[in-house]
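Have a look at the structure below, then the notes.
Just so you know, residue 1 is the first one in the sequence shown, and it goes up from there.
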Amino acid sequence: MPTIFITGASGRTSGFVIQALLQSKAISPSDLRLFVRSQDKAKQLKERHPQLPDTSFAIGDYLEASTLPPALKGVDVVFHNGPGFHSLETAMGIALIDAAKQAGVKHFVYCSVLFPVLTKLLNHKAKLGVEEHLIESGLNYTILQPTSFMQNINIQNVVSTGILRALYAPNVLQGYLDLHDLADIACMVILDPAPHNRARYELVGENCTYEDVAEQISAHMGKQAKVELVPREKIVGSSDIHVAVSDENSIEGLDRMLYYYDKRGIPGNSNTVRWLLGREPTSWAARIRRDL
């Protein structure tokens, strides 16, 4: 079986991919190599997945060049999910791509973002630079371009409080994708990359507004969920966001993104997800039934 290298392994998105790979039974735990920043992160993953041997962990830093060659030695497939809103995200991705090519990696799967050409958004612009370098690298590659994740809305909290906290205009149409659907697609590509070589997949499950989501939750719980717009200045540092934003660059990136969402949203088309999965994408109604 191939050796599969997964970055951002202690994060939420890569965590779903790791779980899907382990549940697929197509690989053994020893086929995974999880790239983390510290022994503490490795320990946390080991506690979450006790079946993983110690050899499944590689500790390093994208920008510490000496740590990448030993981490990538013998790797066949890379799944890279970079740190969102990091000022050096593009440089990190480029460093990993170059090291992967030097290590003889056979296929590089990059988890990017829907419409990276929207360069007014700093987090999109950073990923566009990584995509360009990957396409020009000579490596076999697949680029996944997911939209916002359904899991960004904590539906359990909505049920317990009766309030859906909106980070931008509640009536703006936005694309959403279930993280389980992303993980299934990533797993498919990682385990059989050849049919997906040189593909760039726009991944959208369903377009909805906050108001639409509140209606779906209300129908499920039998009482009205209220949409409440969170003031922009109260978002940073709150539990409403799922990425670390602490420095000036990341705060500006988040602010630009929320301003863009407030004015336009980023809806998309669900045909690619439907085709890849061979079924309907997970809808908000289906996610609510499953998770509640």
Side-chain angles (χ1 to χ4, degrees), residues 1-59 71 75-84 96 107-113 142-157 176-193 196 201 203-206 239 241-244 273 276-284 286-292:
M1 290 302 298
T3 297
I4 301 163
F5 184 86
I6 299 180
T7 70
S10 61
R12 184 183 63 167
T13 300
S14 291
F16 273 78
V17 176
I18 292 165
Q19 187 65 33
L21 286 166
L22 291 172
Q23 290 178 343
S24 74
K25 306 299 183 184
I27 63 164
S28 67
S30 60
D31 294 324
L32 293 180
R33 191 172 304 167
L34 310 182
F35 193 60
V36 292
R37 296 191 309 271
S38 67
Q39 287 285 359
D40 285 344
K41 294 294 184 183
K43 182 180 178 182
Q44 291 171 16
L45 278 168
K46 180 77 170 176
E47 291 171 352
R48 198 179 308 162
H49 305 289
Q51 69 270 48
L52 292 171
D54 292 342
T55 54
S56 287
F57 301 97
I59 297 171
V75 166
D76 298 292
V77 179
V78 168
F79 175 83
H80 176 50
N81 179 48
L96 184 65
H107 200 93
F108 196 107
V109 183
Y110 178 42
C111 189
S112 181
V113 68
T142 307
I143 297 171
L144 307 180
Q145 298 178 328
T147 187
S148 297
F149 296 123
M150 290 181 173
Q151 283 75 7
N152 291 348
I153 296 178
N154 188 325
I155 57 176
Q156 286 81 9
N157 279 358
Y176 287 99
L177 180 69
D178 181 27
L179 267 168
H180 290 282
D181 285 357
L182 172 70
D184 286 347
I185 290 168
C187 190
M188 176 194 314
V189 174
I190 289 167
L191 295 175
D192 187 20
H196 307 283
Y201 292 138
L203 304 179
V204 179
E206 184 177 19
S239 60
I241 56 174
H242 300 271
V243 291
V273 173
L276 287 167
L277 293 176
R279 60 168 172 81
E280 286 298 309
T282 301
S283 64
W284 266 107
R287 190 229 160 176
I288 290 165
R289 288 194 301 271
R290 182 192 68 205
D291 294 346
L292 292 179

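- Checking side-chain atoms of Thr142 against main-chain N and O of His196 turns up a donor-acceptor pair under 3.5 Å.
- Residues Arg290 and Thr282 form a side-chain contact, since some pair of their non-hydrogen atoms from C-beta on lies under 4.5 Å apart.
- The main-chain N or O of Leu32 is found under 3.5 Å from a side-chain atom of Ser56 such that the two form a donor-acceptor pair.
- No side-chain donor-acceptor contact under 3.5 Å links Thr3 to the backbone of Asp76.
- By the 4.5 Å heavy-atom criterion applied to side chains, Gln44 and Val36 are not counted as neighbours.
- By the 4.5 Å heavy-atom criterion applied to side chains, Leu22 and Pro29 are counted as neighbours.
- Taking a cutoff of 4.0 Å between a charged side-chain nitrogen and a carboxylate oxygen, Arg279 and Asp181 qualify as a salt bridge.
- Gln39 contributes atom CD, which lies 12.0 Å from atom NZ of Lys46 (distance to the nearest 0.5 angstrom).
- Looking at Glu206, its side chain never comes within 3.5 Å of a backbone N or O of Ser283 through a donor-acceptor pair.
- At least one side-chain heavy atom of Leu191 sits less than 4.5 Å from a side-chain heavy atom of Leu21.
- The backbone N or O of Met150 sits less than 3.5 Å from a side-chain atom of Arg287, completing a donor-acceptor pair.
- Residues Phe79 and Ile18 are not in side-chain contact: their nearest non-hydrogen atoms beyond the backbone lie 4.5 Å or more apart.
- Residue Pro146 comes nearest to Leu177 through the heavy atom pair CB-CD2, 3.8 Å, listed as atom of the first residue, atom of the second, then distance.
- Put simply, the side chain of Tyr110 does not reach to within 4.5 Å of the side chain of Leu96, judged on heavy atoms.
- A donor-acceptor pair under 3.5 Å is formed between the side chain of Gln156 and the backbone N or O of Asp291.
- Ring orientation note: the planes of Phe35 and Phe5 are tilted relative to one another, at an angle of 30° to 60°.
- Formation of a donor-acceptor pair under 3.5 Å by the Gln151 side chain with backbone atoms of Leu179 is found in this model.
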